[in-house]
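Order of appearance sets the numbers: ligands from 1, and atoms from 1 within every ligand. Reckoned from all heavy atoms, side chains included, excluding hydrogens, waters and symmetry mates. Please read all numbers here as calculations on a predicted model, not as lab measurements.
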Amino acid sequence: MGEKVVLAYSGGLDTSVAVRWLKEKYNVDVITLTLDVGNEKDFTVVREKALKIGAIKAIVIDAKEMFVKYFLWPALQANALYEGQYPLATALSRPLMAKLLVDTALEEGATYIAHGCTGKGNDQVRFDVGVHALAPQLKVLAPAREWGMTRAETIAYAKKRNIPIPVTLKSPYSIDECLWGRSIETGVLEDPWVEPPEDAFAWTKSPDKAPNKPVYIEIGFDKGIPISLDGREMDGVALIQRMNELAGEHGIGRIDHIENRLVGIKSREIYEAPAATVLLQAHQALEAMTLSKDQLRFKQKVAIEIADIIYNGLWFSSQNRDLSAYIRSSQRYVTGTIRVKLFKGHAMVVGRTAPKSLYNLSLATYDKGDKFDQSMSVGFIHIWGLPVAIQAQVQLLSDTEGPLSIIAPKKQLKGRPKKRKS
Ligand code: ARG
């Protein structure tokens, strides 16, 4: 028996070719590992294909529950969006894959793990850093980064060895899917001026073809985690799947992002993330009710940090652990229900309720029952504005630049045209 490699196997062209290439180049026995993270696929077919191409063993793991519990919900609680746009679907799935690749490699006594990433993307970083962190004794092989074949050469390589070529190859796009979203790259999309053609989308209806009647949904949260839809309790996987269908039907969750990759390239990325888009919006709406102004402000900064950690392949870092602890703690009263209207490409929060809400009607109202003592505002404002008043008198009023210069009284007098008697 030779040395073994565990290959992350999607069933696509590159990883299928990799099964054979690894054998030919490194003389290793290939075990494929395919993970179900919510990508619609017939996994029996994928498994059989791996064996047919020459894998000695083909493993399929349903990782959806793990993915939701340990990756998607924490990212939602953090409101993680890379560069304010990308909900990080692919980026969140890679550390889970790295972990399961490592577990499998250790169980199977493999010396290598392998993945099908090229040398230009973020995914290679996420896989490699994850594996190096979890099991530094394992070596990482990345065939597509090494072999230097063009797409046409890869196809020729496959044909020559009778490796089945996927029908999806007809699609001009490179696609990656999981519960949290779908990414679409390459082809005409590489021209940032070109509007994504309709055939780039598969999960969302075009907003102009979406139903003419809005739909209202109620999402129940417990400590920042969605637990029910329209009053019906649902497990996380089912809830996200249902939200993807519902919001997708209404054309919600299309994202067109000029993205800064970790490897220094700007790339044009199209995403469909119906469930993530609505859930992130609803979650933030509930936080607006239950967190203080200071918590909300600070949490926004942490969200940027966490999004970068996830994007940049640093999931297994102490920085992530520490910031996640803050996020978890911040969610203790983020419980309640958010009402969202889905209509023609937009999700709009139209209602919110929370048992520990900080919204206080008797303070906010302009109607009967107002408990806010308006006379107290006078003293408050005097002290609040004291430093501004003093500084303005001493420094700002004679300034020739800055906020007061345009209305400095001297200038105004000088510039005023004299009235002439006629
Ligand atoms: N740009 C996104 C990211 O870096 C999506 C990557 C999609 N990956 C893929 N192998 N097609 O997370």
Between Arg47 and Phe43, is NZ or CZ placed under 6.0 angstrom from the six-membered ring centre and within 45° of the ring axis? no

So Tyr271 and His257, would you call those rings parallel, tilted or perpendicular, with 30° and 60° as cut-offs? tilted

Using the six-membered ring wherever Trp is involved, compare the ring planes of Phe71 and Phe67 and label them parallel, tilted or perpendicular (cut-offs 30° and 60°).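 Taking Phe67 first and then Phe71, their aromatic rings sit tilted (interplane angle of 30° to 60°).
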
Numbering the atoms of ligand 1 from 1, which are under 4.0 Å from a heavy atom of [X]?
| X | result |
| --- | --- |
| Glu269 | 1 (N), 2 (C), 5 (C) |
| Asn122 | 3 (C), 4 (O) |
| Arg94 | 10 (N) |
| Ser174 | 11 (N) |

Look at the side chain of Trp180 and the backbone N and O of Ala276, then say whether any donor-acceptor pair between them is shorter than 3.5 Å. no

Do we see a donor-acceptor contact under 3.5 Å between the side chains of [X] and [Y]?
| X | Y | answer |
| --- | --- | --- |
| Thr353 | Thr337 | no |
| His283 | Gln331 | yes |
| Glu3 | Tyr26 | no |
| Asp208 | Ser206 | yes |

To the nearest 0.1 Å, how far is [atom] from its closest protein heavy atom, and which atom is that?
| atom | answer |
| --- | --- |
| atom 1 (N) of ligand 1 | Glu259 OE2, 2.8 Å |
| atom 7 (C) of ligand 1 | Ser183 OG, 3.4 Å |
| atom 11 (N) of ligand 1 | Glu185 OE1, 3.3 Å |
| atom 8 (N) of ligand 1 | Asp123 OD2, 2.9 Å |
| atom 2 (C) of ligand 1 | Tyr271 OH, 3.1 Å |
| atom 12 (O) of ligand 1 | Tyr86 OH, 2.6 Å |

Could you tell me if any non-hydrogen atom of Arg126 lies under 4.0 Å from any atom of ligand 1? yes

